[in-house]
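Below you'll find the structure, written out as C-alpha cells, and then a few comments.
Each chain gets a letter, A, B and so on, in the order its sequence line appears, and its residues count up from 1.
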Protein chains: 2
Amino acid sequence: MPDDDWTPPPVLLAVDLVIFTLIDSTLHVLLVERGIEPFQGDWALPGGFLEDEREAVLAAAHRELMEEANLDATQLHLEQLGAYGEPDRDPRGRVVSVAYLAIAPGLPEPRAGTDAAHARWVPVPDVLGGSIKLAFDHETILHEGLERARAQLEHTAIATAFCDETFTINELQRVYEAVWGVALDLRNFYRKIQAVDDFIVPVGAERRTGKGRPARLFKAGSRTTLYPPLVRPSPATASEGNG
Amino acid sequence: MPDDDWTPPPVLLAVDLVIFTLIDSTLHVLLVERGIEPFQGDWALPGGFLEDEREAVLAAAHRELMEEANLDATQLHLEQLGAYGEPDRDPRGRVVSVAYLAIAPGLPEPRAGTDAAHARWVPVPDVLGGSIKLAFDHETILHEGLERARAQLEHTAIATAFCDETFTINELQRVYEAVWGVALDLRNFYRKIQAVDDFIVPVGAERRTGKGRPARLFKAGSRTTLYPPLVRPSPATASEGNG
DNA sequence: TCAAAAGTGTTATCATTACACCCATGT
DNA sequence: ACATGGGTGTAATGATAACACTTTTGA
C-alpha cells in the first residue's frame, strides 16, 4: 500500500481515431503516414495528444478530426471505443490513448495535418489482409472499431452516417454489405429497412443514374435505435462477398 | 498549433469498477463509502489511481478488485467499459478514469479496502431510483455498465459469470430477468438456452431444494458468443417485473 | 394426495429467406 | 425492344411466444 505522501503517477493522454467511410462500395479507413519517430514512415490512425490540461477528451477527438481529416465533428457520428494503455505501447513513455470511432459520409477529401506527412483513405480489407503494417497497437484498435461498427449497424441507425444528406435504399444497403462483409438480398433489404418506423423517411425526390428506373431518395429519420435488431448473417455462414 | 518545445499535459489515471452480482434474484452493485475528500461520506464505485508508472490499466483493475472487493480477477468476467475524462469530473485535478465491468458469482463477502470506509452490495434498482447519490460521474458509469451487461447477455455467454461453478437453468434465468428487468417464460427459456450448442453442459448431478422436483445441474460450456443472439424483449413492451 | 418446482409438447404468430415477377427509365 | 436497376408479391422456413400438460420430489 502506498504511503501518505504518495501521489499517482502521471500519464500522457492521446486520442486516436478510426474514421470509416465508403468509397466505391468498399469500406475505407483514414490512415496517416507518420512523419516523426516512433514508427516514422509507418501508417497509423490519425490522432494526437491532449492539447492542454483543460481540453476534454472528446474535444481533442473533434480537434484531431478537423486537423487531420478536415472533417467537422458536429456533422459526424463519433463514439468512444475505449482506452488503450498497455505500459509499453508507446516507446516515448506512458501514453494512454482513448480511441474513437468516426463515420464520415460521401467522398471526403483527406488533408494531411500538422504532424502527419500524408493522409490516405485505405481499403479496410487491405489493412486486415496484413499488407499494411500499422504503428503502435493501431491494428487492434482498428479491429475493435470495425467490430463496433458492425454491431452498431445491427442495433442503431448509424448506417445513415455513411451516406449523404439524401440517399437511396441501395446506397444504404451497400453500407451494410461493405461493413458486414456479406451480400444481402436487395429486395428483402428494401422492405426490412422501410418496415422500421422512422429509420429512413422519403424525401419525395428521385435520383436517376442514367440507367434503369430512378430510385427514391430518403433522409435519415428520427430513430436512433433499432428494435428488433437487424441481425447480421452468421460470420460462419456469411459468403464473404464484396471487397 | 503547439510549438516545438511543447510537451503534452500529464493527467492522472484511475480505474473504476462496476461490479455486479446477484443476491436474492436482484442485481446488486458494489459501492464503497468514500472515506476521504472529495465526496467524503458519499457512495462511489470502487476504484483508485494507477499505482506506478509501469502498472497496466487492466492490472490496476485486477488489483482494485482484490483490494476493495476481495475478488480474484482471474476467476471473473472483466471487460473495459471505456474512459471517462471530463476535465472537471474530479476537483483534485485532471483525472481520467478507465471503467471496467466485472461480474461476480454467488454471494461474495464485500471487504472494505484501504481508502474505503465501507463497502456494500447495493441493489441496482435502488441506485437507479435515485435514492442513492453517487460521487463523481459514477452514476453515468453505472448506467453504461448496466447497459453493457444487458447487451452482453444477448450476444455472449456471460450470464454464467453470475453463477457458481454449477448452476440450474432457473438460476441462469434469474440472471437474465434481474439484469434485463423483465420476466421470462421459464419453459421457453429452458429450451432456448439448451438449444444453444455448448452454452451450458449438464454435469450429471442434481440439486434438491427441499421442494419440488430436483433440478439438473449444469456448468458453463466452451461457447462464448451467442449466434443468433438472445434478443431481449423491447424495453417499451417489457413488463418491468422483478426487483 | 397435494403443493411445488422441473421439464415436455403443441400451436399460433412473427420474422427471415428465397425467388418469381412487375415497373420505370435510357438507348 | 431490351437492358438495367427499382420495387412488389408470395410461399417456405425458422424463431418466438403462449400455455396446457406431465414428471419428480417433500410433506
Legend entry - For DNA chain C, the residues among residues 195-205 of chain B that have a non-hydrogen atom under 4.0 Å from it: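 Under 4.0 Å from DNA chain C: no residue of residues 195-205 of chain B.
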Legend entry - Value rounded to 0.5 Å, distance of CG in A:Leu30 from CG in A:Leu71: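 The CG atom of A:Leu71 is 7.5 Å from CG of A:Leu30, to the nearest 0.5 Å.
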Using atom [atom1] of [X] as one end and atom [atom2] of [N] as the other, report the distance to the nearest whole Å.
X	N	atom1	atom2	result
A:Arg207	D:dG7	CZ	C1'	17 Å
A:Tyr190	C:dA15	OH	P	20 Å
A:Leu172	D:dG6	CG	P	13 Å
A:Arg232	C:dT17	CZ	P	14 Å
A:Ile169	D:dG7	CD1	C1'	9 Å
A:Phe189	D:dG6	CZ	P	12 Å
B:Leu186	D:dT23	CG	C1'	14 Å

Legend entry - Pairs satisfying ring pair (Phe, Tyr, Trp, His ring centres under 6.0 Å), at least one member in residues 146-176 of chain A, at least two apart: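 Residue pairs with at least one partner in residues 146-176 of chain A: A:His155-B:His155, A:Tyr176-A:Trp180, A:Tyr176-A:Phe189.
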Just to verify, what does [X] make a side-chain hydrogen bond (donor to acceptor under 3.5 Å, both in side chains) with, not counting sequence neighbours?
X	answer
B:Asp42	none
B:Arg191	B:Asn188
A:His138	A:Asp16

Inset, instruction - List for me each residue that meets ring pair (Phe, Tyr, Trp, His ring centres under 6.0 Å) alongside B:His62, sequence neighbours excluded, and say none if there are none. - result: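 By the ring pair (Phe, Tyr, Trp, His ring centres under 6.0 Å) rule, B:His62 matches no residue at all.
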Listed partners of [X] passing side-chain contact (heavy atoms from CB on, under 4.5 Å), at least two apart:
X	value
A:His77	A:Glu79, A:Ile103, A:Ile158, A:Ala161
A:Arg63	A:Glu51, A:Glu55, A:Ala60, A:Glu67
A:Tyr190	A:Ile169, A:Gln194, A:Arg216
B:Gln80	A:Ala83, B:Val98, B:Tyr100

Inset, instruction - Treat primed atoms plus P, OP1 and OP2 as sugar-phosphate and everything else as base, then score nucleotides 22-27 of chain C 5' to 3': B for base contact with protein heavy atoms under 4.0 Å, S for sugar-phosphate contact only, - for none. - result: -BBBS-
Inset, instruction - Can you check each nucleotide of nucleotides 13-19 of chain D against protein heavy atoms at under 4.0 Å and return B for base, S for sugar-phosphate only, - for none, in 5' to 3' order? - result: ---SBBB
Legend entry - Polar side-chain atom of A:Asp24 near backbone of A:Thr26 as donor-acceptor pair, under 3.5 Å: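 No.
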